[in-house]
2 protein chains.
Amino acid sequence: MALPSGPVTTSSEAEAVLFDLVDVYDRAYEAAAAELSLSPAQACVLGRLDERRGMGALADELGCDASNVTQIVARLEALGLVTREPNPQDRRARLVARTPEGDEINRRFATAFTFARTAVGRLSPDEQDQLTALLRKALG
Amino acid sequence: MALPSGPVTTSSEAEAVLFDLVDVYDRAYEAAAAELSLSPAQACVLGRLDERRGMGALADELGCDASNVTQIVARLEALGLVTREPNPQDRRARLVARTPEGDEINRRFATAFTFARTAVGRLSPDEQDQLTALLRKALG
DNA sequence: AATGATCCTTGATTGACTCAAGTAAACAGG
DNA sequence: CCTGTTTACTTGAGTCAATCAAGGATCATT
């Protein structure tokens with residue numbers, strides 16, 4: 001998403017700040033991906049391949065259609081960032097894994113996406129704990 | 001974006017909760033839009049038309065290309081949710097405004113998008129202030 | 001008037017996303 | 001074993017968001 005999620009008129013300040021946070025986070029994520037010529041979706045999938053896994057597992061985790069994953073992985077494969085190996089245990093299934101190039105790009109993405117790190121870093125350890133607790137509570 | 005923004009391996013718990021928040025927020029926004037058969041982008045634009053404004057102003061605010069706004073507004077217009085009136089002061093420009101139907105849909109969207117409201121509502125007023133202060137500090 | 005900037009649209013392209021179908025292999029039950 | 005069903009994934013068609021390049025119209029300046 002490039003366009004921001006909100007605001008419908010926010011009633012409280014906390015809501016407004018929440019919206020700001022989401023907006024800035026999303027934009028930073030997108031920008032970091034763009035630095036590596038990846039789409040956000042590609043960066044997302046690449047980041048979830050610390051261990052090799054099947055297409056279905058990815059789709060479940062991402063909460064999207066399997067055919068969507070097929071496409072994104074196909075593009076990552078074309079870029080040489082992942083491989084789709086046959087699964088010896090189940091010949092219907094494919095195991096997706098990052099290539100060394102994929103590892104490198106993923107590492108660089110993690111470096112480029114500084115937003116969360118920076119934001120949290122502006123807080124003292126105590127404040128970080130408070131924030132964690134508050135957000136956990138807010139998330140229900 | 002339907003796919004989540006993250007996680008690249010999060011180093012701190014605060015970062016992980018931040019990611020969760022963004023993910024849940026984005027999904028809730030998308031779901032609320034979907035309830036009204038709107039795309040997130042359409043809901044976003046509709047929500048920013050409390051006052052009529054020009055296409056360029058929208059594009060600036062949304063941080064995207066003017067031609068992107070043209071498309072989204074065209075679809076909203078086709079749905080009867082906005083109008084594109086000529087600007088009497090400047091005949092190059094168009095003034096986009098919500099129709100009464102647009103107002104109604106926007107109101108319903110605001111009702112359907114409960115996430116931020118609910119999340120903040122789980123906190124006491126004091127906690128809401130703390131959260132606001134912490135997020136402001138984290139945003140820098 | 002002529003020039004140049006501004007506002008917006010059009011057209012072309014890419015990618016994400018979804019749904020409906022389809023293939024192939026695993027996995028029953030008889 | 002077959003046979004029918006489920007599972008894992010791919011393909012194809014279609015929509016929408018997004019960006020870029022190019023163009024038309026209007027404004028603004030000189």
Side-chain angles (χ1 to χ4, degrees), chain A residues 1-5 26-27 29-31 33-46 48 52-79 81-97, chain B residues 1-5 26-27 29-31 33-46 48 52-79 81-97:
Chain A
M1 170 190 333
L3 296 199
S5 301
D26 283 339
R27 287 182 195 274
Y29 194 88
E30 196 176 353
E35 275 184 43
L36 300 162
S37 305
L38 295 177
S39 70
Q42 289 167 351
C44 170
V45 168
L46 203 58
R48 284 169 190 256
R52 61 148 66 147
R53 67 214 312 167
M55 309 287 290
L58 274 173
D60 285 350
E61 188 171 334
L62 301 174
C64 72
D65 197 274
S67 63
N68 195 10
V69 176
T70 298
Q71 282 186 88
I72 297 169
V73 167
R75 290 189 187 109
L76 288 172
E77 196 181 23
L79 294 170
L81 304 181
V82 307
T83 57
R84 242 181 328 186
E85 309 159 8
N87 182 336
Q89 266 84 54
D90 182 344
R91 295 202 328 257
R92 295 169 298 181
R94 301 293 194 90
L95 288 173
V96 187
Chain B
M1 173 190 327
L3 295 199
S5 301
D26 282 338
R27 287 181 195 276
Y29 193 89
E30 196 176 352
E35 274 184 45
L36 300 163
S37 305
L38 295 178
S39 70
Q42 288 167 353
C44 170
V45 168
L46 203 57
R48 284 168 189 256
R52 62 147 66 145
R53 66 215 311 167
M55 308 288 289
L58 275 172
D60 284 350
E61 187 171 335
L62 301 174
C64 73
D65 197 275
S67 63
N68 194 11
V69 176
T70 298
Q71 281 187 93
I72 296 169
V73 167
R75 289 188 190 109
L76 288 172
E77 196 180 26
L79 294 170
L81 304 181
V82 307
T83 56
R84 243 181 327 186
E85 310 159 7
N87 182 336
Q89 265 83 54
D90 181 344
R91 295 202 330 257
R92 294 169 298 181
R94 301 292 193 93
L95 288 174
V96 187

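Here is how names work: the chains are called A, B, and so on, in the same order as the sequence lines, proteins then strands, and each is numbered from 1.
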*Could you give the CD-to-P distance, from Q42(A) to dT14(C), as a whole number of Å?*
14 Å
_Atom-pair distance (OH on Y29(A); P on dA16(C)), nearest Å_ = 12 Å
*With respect to the phosphate group of dC8(C), does any side-chain polar atom (N or O) of R84(B) fall under 4.0 Å of OP1 or OP2?*
no
*For M55(B), does its backbone N or O pair with a side-chain atom of R84(B) as donor and acceptor, under 3.5 Å?*
no
_Using only modelled atom types and a 3.5 angstrom limit, is any donor from either the side chain of R91(B) or the base of dT26(D) paired with an acceptor on the other?_
no
*What is the distance from CZ of R75(B) to P of dT9(C), rounded to the nearest Å?*
13 Å
*asked:* I'd like to know if S67(A) reaches the base of dC9(D) with its side chain such that a donor and an acceptor end up less than 3.5 angstrom apart.
replied: no
*Can you spot which of L38(A), L62(A), I72(A) makes a side chain to side chain contact (heavy atoms under 4.5 Å, CB included) with C44(A)?*
L62(A)
_Side chain of C64(B) (C-beta onward), nearest among dA26(C), dT18(C), dT19(D)_ = dT19(D)
*asked:* Reading DNA chain C from 5' onward, which residue's closest nucleotide shows up sooner: R92(A) or D65(A)?
replied: D65(A)
_At 4.0 Å (heavy atoms only), tell me whether Q71(A) reaches a base, stays on the sugar-phosphate, or touches nothing._
base
*Length of the CD1-P vector between I72(A) and dT10(D), whole Å*: 12 Å
*Distance, rounded to the nearest Å, where L95(A) contributes CG and dC9(D) contributes P*: 8 Å
_Students often get this wrong, so: under 4.0 angstrom with heavy atoms, is S39(B) touching a base, only sugar-phosphate, or nothing?_
sugar-phosphate
*Classify the nucleic acid contact of D90(A) as base, sugar-phosphate or nothing, counting any heavy atom under 4.0 Å across all strands shown.*
sugar-phosphate
